[in-house]
Amino acid sequence: MLQAEHTQTAVHPHSSVSLHQLAHARAGDKGERLNVALFAYDPNHYTTLLDQVTEERVLALFAHRGASRVRRYPLPNLAGMNFVIDDVLQGGVNGALNLDGHGKTLSFLLLSMEVNSS
Amino acid sequence: MSFLLGSGAGFSGDRTDAAVAVVAELIKRQQPSALVFETLGERTLAAAHRAMREDPESGFEPLLDELLAPVLRDCLDHGIKILGNFGAANPGGACQVIAALATQLGRPDLSIAQVHGDDIRQQLHSLDLERWEAERLEMPGDDALISANVYLGAKALAEALAMQADVVVTGRVADPALFLAPLMHHFDWRWDDWDRLACGMMAGHLAECGAQVSGGYFADPGFKDVPGLATVGYPIIEVEHDGSLIITKPANTGGCVTEQTVKEQLLYEVHDPANYLTPDVTVDLSHAEVRQLSPNRVAVTGIRGKPAPERLKTTVCYEGGWQGEAEISYAGPNALARAQLAAQVLRERLVFRAPAELRTRLDIIGLASVFDSDSGELQRSASASSSGDYRLRLAAEHSERRWVARATQELLALYCAGPAGGGGVRRQFQRRVFTASYLVKRSDVHAHATLFESSPFGERRSERYVAS
């Protein structure tokens, strides 16, 4: 698990593709906590995701929204992983002023991350 | 023989014709089955409590009639049990509506059960409450308190089925418990048979969001193509006595059930996959496997269970003041600069026209809005075409309506006093309900079911049988 105070700016690998090319995702919310489940289309890309879609990079990607902590749970049987991100919803479904209090759209913010596919 | 769980709705506002194809398939299969309507989100419950404050005769699912009318008679005729949390804040009111509907359909003999015990508002302050780990809010004062509801498990629902209820109406229960209950009733699993409970709970979890497991909320054209979303088939889960489960959907419907759709739903709103907490069982998904058996048939195996958590989650709703939103569009040459100028004018006006504690947010829709923070960081760094199609949005929140009205009125005034070419102002207000989550001791919660009896002589209702 990664706490916000330990974060730094993410370093993006060069010669990269969008995570959207390799994986699909769905987001769900509970209170101020968001989970984004991420799955490789091709199980051969699972280790690439494990290596590159780290807690640190996910926290950096969501930092502007106030994310304070990211925990990643790998699920090798499913070629997937679950990210649990705290405090990104800016009030959540009953308290947010933004256009998506549930944070449902944020699965595609994760999929916008650049990864090295090689 | 497997037991079939059909989904008729995944949230309040879902398609009201979805259950028709599901019920047709359940009838065709001629197997024991249940139809479940899950219509109660955190926000929906809060809205229901708000509505009931203004009108004591409301507070249940507003589309209840539309959801049940097309299928109620068929379900009754074929022994398909119906369960729904469409009671929301007012399960008694929902029972009344269903009883009236059954009478209209020529079946006043319908047996309806109501589940009680989720509403703990009266006892709230005498209970030993623990703050849910991700909760940031403080407990409100009594004057702001609207409601407090525990997420009940499946036991009282299974009791309702044991009383021969045709329809079970609940308020707040854990969504998948609506599906676990008919399995417990049918298979007579032990309440400490953790692996089977976990399988039943996950059958419910997979089906509770309706089409989300059968191609809804999945399509990403060119990457994840889904046929026939306009007629997407809502899921049917086949559950065996040993707990094994297969996800499918009605014949001749759109959508698709694939390993991908099932995996996405398997982890939906799950945190630690090894410890998915529900009122009846702690589910371990960390060894789950998902396998396509044939088109639109997917098996899920490897689900394990552990004893249920000691405390039950409770959602407390309290008055949250007012929120207002207002929007105006700018398009064509130099539209972005005009929208940005409008935003700047609003910021300046709000400094001297609104109190400091007014909480506001400004978005430029078309530039950066959805992913942005309340402080607009992405908006400042986004690159965009100067001439495009932009919509400035102001959202404001305050405990007093007048200040929200004042803020949004400032956007309205951009019509004549703002940049050139602005148009299409829309403005709306809503009362807000804030929610906070706590954990209560299981021993402080007393869930039970009663059969509902509507009286033709004007008496609202009476309870004729009480279980445990």
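First the proteins, then the strands, lettered A, B, ... as listed; each starts at 1.
Judged by distance alone, the side chain of Q90(A) and the main-chain N or O of D374(B) form a donor-acceptor pair under 3.5 Å. Between the side chain of N82(A) and the backbone N or O of V270(B), at least one donor-acceptor pair lies under 3.5 Å. Of the possible donor and acceptor atoms, none in the side chain of N94(A) sits under 3.5 Å from a partner among the backbone N and O of T435(B). Side-chain atoms of K263(B) do not come within 3.5 Å of backbone N or O of F39(A) as any donor-acceptor pair.
For R361(B), the parts lying under 4.5 angstrom from a heavy atom of chain A are both the backbone and the side chain. Heavy-atom distances place the backbone of T360(B), and not its side chain, under 4.5 Å from chain A. Within the 4.5 angstrom heavy-atom criterion, only side-chain atoms of L75(A), from C-beta onward, approach chain B. For a residue to count as touching a neighbouring chain, one of its non-hydrogen atoms must lie under 4.5 Å from one of that chain's; by this rule H102(A) touches chain B with the side chain only. Contacts of F108(A) with chain B are made by both backbone and side-chain atoms, with heavy-atom separations under 4.5 Å. Only the side chain of Q323(B) comes within contact range of chain A, with heavy atoms under 4.5 Å apart. Contact annotation for A47(B): neither backbone nor side-chain heavy atoms come within less than 4.5 Å of a heavy atom of chain A.
Taken from CG in L78(A) to CG in L267(B), the straight-line distance is 6.5 Å, to the nearest 0.5 Å. With rounding to the nearest 0.5 angstrom, the CZ atom of R26(A) is 10.5 Å from the CD atom of E269(B). A distance of 5.5 Å separates NE2 in H271(B) from NZ in K30(A), rounded to the nearest 0.5 Å. For the atom pair NE2 of H287(B) and CG of N77(A), the computed distance is 8.0 Å after rounding to the nearest 0.5 Å. To the nearest 0.5 angstrom, L22(A) atom CG is 10.0 Å from F223(B) atom CZ. Separation of atoms CG (D372(B)) and NE2 (H64(A)) is listed at 6.0 Å; rounding is to 0.5 Å.
The cationic group of K104(A) lies under 6.0 Å from the six-membered ring centre of Y217(B) and within 45° of the ring axis, placing it in a cation-pi geometry.
Ring geometry for H24(A) against F218(B) counts as perpendicular: the plane angle is over 60°, on a 0 to 90° scale with 30° as the lower cut.
Applying the 6.0 Å contact sphere to CZ of R426(B) captures no more than 12 heavy atoms from other residues, nucleotides or ligands.
Across L109(A), D100(A), L106(A), a single residue satisfies side-chain contact (heavy atoms from CB on, under 4.5 Å) together with V370(B), and that is D100(A).
No other option in E289(B), Q265(B), R359(B), E42(B) has as many heavy-atom pairs under 4.5 Å with chain A as R359(B). Between chain A and the residues S375(B), A288(B), S437(B), G320(B), the largest count of heavy-atom pairs under 4.5 Å involves A288(B). Chain A forms more heavy-atom pairs under 4.5 Å with one residue of E397(B), Q260(B), E377(B), E259(B) than with any other, namely Q260(B).
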